[in-house]
Structure formats: C-alpha cells, structure tokens
Amino acid sequence: MKYLRRNINTVFLMLGNSCNMNCAYCLQHPLVHKPLSREVNPEIYDFLGEVAQENTRTLHLQFYGGEPLLYFRTIREVVEEIKRRKIPMTFGIITNGRALTDEMVRFFHAHHFSVTISWDGPHVLKTRGYDVFSVPETWERILALEHLCLSGVLSARAYPQEILQAFQQISEEYSAIHGYQIAVNLDEIMDTGLPQKDLLEINYGRVEREMEELTLQFLEGFGKRVPPERYTKEAYIRQLFHSLKDFYLTGKGKWDRYTAACGNGLTVLNLDLEGNLYPCHNTSRKVGTIHDGYFTYLQHILAGDHTHEHRKECLSCTALAFCQGGCKLVGDKARKESYCRLKRAVFTPVLMTIQQYGQKILEKDHGKERYHQ
C-alpha cells in the first residue's frame, strides 16, 4: 500500500479474560463484562498480514489476557501460523508469570519474545495477593528469560523507590546470568471502578520527595557511566528525561493531540481471536470487526475518546509532557479525585528539578562569558 496507510505499530491479541490471580487494582474487573471467544478465526492471519504489509516498520504482536499464559496453546498456534505464512512480526507478552513453565521459556527464547512480568516489589501481597518471586522454580524460570522487563504499579502500597530497589536486586541476579540488565517500567494506579479504594490513599508528599531524589541522582551522574547498583533507578528516570526531551525539543512544547496518547484504536489495534476490534485491550466493549470499513471503524474509536474534553486543564498541567491527556478509560470523577493528582506528584518533581538544573548550567555559562569579556 503506497498511499493513506494505516500507521499501526502494535496489535494486542486479546486471548481471553481468565486469570489465575485477583489483583486489587485490576483495570479489567470493572470494564470487562463479556467473555472473549477462544476459537481462532483463520481470517485474523489475513488481517495481520495486510496490516504488516502496509507498514514501513515491523509490526509488534502483544499477547494479552486476562492472564495470557493460561492460553499458551493458542499463543503457540498463532505464532506457528504467522511463521508459516512468513508475516514479518515481533512478539511480546505481559504476564504475572505465575503459570510460567520450562516449555514456555524455551518457546519464548526460540521466537525472541519480549516478556514483561507484572510485580510490585516488597508489598506485592497487598496489591496482587501473590508473590511470583516467592517460588524458587518460578524465580529461576523468570531469570532465564532472554528479554525481560519488570513492571510495577504505584499505589498507596507501592512507592517508586522501594519498587525500583526491589527491581534492582532482581536485575543484578539477571545481569550475572545474561551480561545485561532488565528493562523497567512503572505505571500509576488508575481508578476505573476500583473496589479497594484504600490503594488510592497515597502519600503524595512521599511520592514527590522520592521522585525529586531520583531525578537529582540521575542529574548528578548525567553523562557518566552508570554504577550497576543504581541501574534501575537510572533507567526509570532516563525514560522520563527522554519524554521531556521529545516533548519540548522535538515537539517544540506543543500538544496538538485530540486523542489518547497511548494510540489505542489508532496506532495500536486491539483484536480478539474471533476478529472483533476494541478501543482498548482492557475492555470488552467492541467497536467493530476486521470486516468493517476503516473509516466506519475510526468513527467509533473517536466517538469513545474524550481526551479533547480535558484539553483546557491538561494544557495548564505540569504533567502534560509525560501524561499528554492521560487514559481514556478513566472517568471525570476519578481524574479529579486521584488520577491527575498522582500524575502531578510523579512527574512535576522531575520537570522542576531538570528545569532548575538547566537554569544553573545557563547561569554558569553566562558567568563564564562575562568573565572572558
């Protein structure tokens, strides 16, 4: 396809809703009301082939649940068929890791999967009810994975520094095996109808202090070799630093989006095994099928995205460069009560600390110029 391409970089393949855990902050509990089909419609391969063909970069297929490892047979079936058809694609999976087996590890290695394990650090029993790293066999299997990311959720039971420090301990063991560190990610808790509201009783002052400290440590080591024992903290803040750089330098500080920054429904497609399409992989509300006209599908996606309605308050928010309008699944009440406040607590200290650091450098350089004059 030469003209008017669908610019799609990722497809979430929604395997089913079943899960072997009951996380207190699960987005899907209030949003999923209908089971997904477990039968694979062969037409989805034709669809994936078309999407892959019309994009200039390799399409990424992300396997998603519920808990996707419960659908391992389906994952294997899909990957083998994609390989047989020679559809160019990379693979990834987001999992709690509880059902991980040696067979799965070998399969993920063979097909170069990136594997993200959801884990919240030392207080994970309070947020997820189960600690996947408490089982030695599972710990060993996770450490054996070749492309590993750990992802945690910030809440009243899990704060930035303690999660990152717990990640660090695992990353050091992982590095001793593979010769490189893990990838890290932190998300902020979202209230899409949480039954456990105590997770939202966050000490925002603590979050702000920890984020400022993390940013100062990053800036002190800026341009220097990162000590291995500080890797996870450095990696997390570096991601935020690049978000700032992209927004203010590449994007000239302009926010011209009217849709959710995650790209769900647009640059990211959410597809079930039957061929139905969704605005997000965390909801059971369908917006169309692979047989629909593309512009009919787009109308349904845009009708359900209310990002533009928050544009005025977002433009005056200190978290804009990072958040860029936030999640379209979070309602107005939750945005006002907790969602936006946590975003500001996480991101504002990063912005302000980097701005102050830059100002000091400018003042120092101006002082040198005056001295030479």
Side-chain angles (χ1 to χ4, degrees), residues 23 25 92-98 100 105 108 113-128 130-189 199 202-203 206-244 322 342 345-347 349-350 353-354 357:
C23 300
Y25 52 66
I93 189 169
I94 302 172
T95 169
N96 60 43
R98 186 172 185 174
L100 188 66
V105 172
F108 295 149
F113 267 64
S114 58
V115 181
T116 298
I117 302 291
S118 301
W119 187 67
D120 298 331
H123 307 299
V124 68
L125 292 177
K126 295 178 181 178
T127 58
R128 302 176 66 80
Y130 181 84
D131 186 355
V132 70
F133 285 104
S134 67
V135 182
E137 294 84 359
T138 308
W139 182 305
E140 289 180 12
R141 289 169 185 145
I142 292 172
L143 289 180
L145 294 164
E146 291 183 347
H147 306 285
L148 177 63
C149 174
L150 292 183
S151 181
V153 175
L154 302 179
S155 72
R157 300 291 179 269
Y159 287 83
Q161 296 223 29
E162 60 187 1
I163 298 178
L164 291 169
Q165 188 56 46
F167 283 5
Q168 179 66 38
Q169 294 170 8
I170 295 168
S171 188
E172 288 174 6
E173 286 195 46
Y174 185 85
S175 179
I177 298 169
H178 298 275
Y180 53 88
Q181 305 267 9
I182 63 171
V184 300
N185 176 69
L186 293 185
D187 292 317
E188 299 76 43
I189 191 169
L199 290 175
I202 296 163
N203 184 335
R206 175 179 172 180
V207 174
E208 291 167 355
R209 290 190 298 273
E210 290 192 9
M211 292 305 298
E212 181 181 7
E213 183 179 331
L214 288 169
T215 307
L216 284 170
Q217 290 175 353
F218 170 79
L219 293 173
E220 286 169 5
F222 193 72
K224 302 174 186 176
R225 184 179 177 85
V226 180
E229 65 273 12
R230 281 177 46 189
Y231 167 76
T232 55
K233 294 178 180 179
E234 176 88 10
Y236 172 56
I237 297 297
R238 191 187 312 120
Q239 293 169 18
L240 302 183
F241 176 81
H242 284 297
S243 294
L244 267 180
F322 309 96
L342 180 57
V346 172
F347 299 130
V350 180
T353 305
I354 291 175
Y357 177 82

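Fair warning: this is a prediction, and the values are worked out from it, not measured in the lab.
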Going through the checks in order, is the side-chain contact (heavy atoms from CB on, under 4.5 Å) test met by Val153 and Thr127?
CA-CA 9 Å; Val153 175; Thr127 58; over 6 Å; no
Would you check if [X] and [Y] make a side-chain contact, meaning some heavy-atom pair closer than 4.5 Å?
X      : Y      : result
Val135 : Tyr130 : yes
Leu145 : Leu100 : yes
Leu164 : Leu186 : yes
Asn185 : Thr116 : no
Pro228 : Gln181 : yes
Leu240 : Met211 : yes
Ile189 : Leu154 : no
Leu214 : Val350 : no

Taking it one step at a time, do Ile237 and Gln217 satisfy side-chain contact (heavy atoms from CB on, under 4.5 Å)?
CA-CA 9 Å; Ile237 297 297; Gln217 290 175 353; over 6 Å; no
Pair Glu162 + Arg206: basic N to acidic O under 4.0 Å
yes
For the student: nearest non-hydrogen atoms of [X] and [Y], plus distance:
X      : Y      : value
Trp139 : Phe133 : CE3-O, 2.8 Å
Asp120 : Gly152 : OD1-CA, 3.4 Å
Ile94  : Ser118 : CG2-OG, 4.0 Å
His123 : Arg157 : CB-O, 3.3 Å
Leu342 : Glu188 : CD2-CB, 3.6 Å
Val132 : Arg98  : CG2-N, 3.8 Å

Gap between atom [atom2] of [Y] and atom [atom1] of [X] - 0.5 Å precision:
X      : Y      : atom1 : atom2 : result
Thr215 : Phe218 : OG1   : CZ    : 8.5 Å
Arg128 : Trp119 : CZ    : CH2   : 11.0 Å
Glu234 : Glu229 : CD    : CD    : 11.0 Å
Ile163 : Tyr236 : CD1   : OH    : 9.0 Å
Glu208 : Asn203 : CD    : CG    : 9.0 Å
Arg209 : Tyr159 : CZ    : OH    : 9.5 Å

Kindly determine whether Tyr174 and Leu150 satisfy side-chain contact (heavy atoms from CB on, under 4.5 Å), including the steps that lead there.
CA-CA 11 Å; Tyr174 185 85; Leu150 292 183; over 6 Å; no
Show, in sequence, the C-alpha distance, side-chain angles and deciding distance for Val115 and Ile142, and conclude whether the side-chain contact (heavy atoms from CB on, under 4.5 Å) test is met.
CA-CA 9 Å; Val115 181; Ile142 292 172; over 6 Å; no
Using the benzene-type ring in the case of Trp, are the ring centres of Phe241 and Phe222 under 6.0 Å apart?
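Yes; Phe222 has its ring centre under 6.0 Å from that of Phe241.
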Does a side chain donor of either Tyr25 or Asp187 reach within less than 3.5 Å of an acceptor in the other side chain?
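Note: Tyr25 and Asp187 side chains miss the donor-acceptor criterion.
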Test side-chain hydrogen bond (donor to acceptor under 3.5 Å, both in side chains) applied to Thr232 and Gln168, Gln169, Glu172, the passing residue:
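For Thr232, the side-chain hydrogen bond (donor to acceptor under 3.5 Å, both in side chains) test succeeds with only one of Gln168, Gln169, Glu172, which is Gln168.
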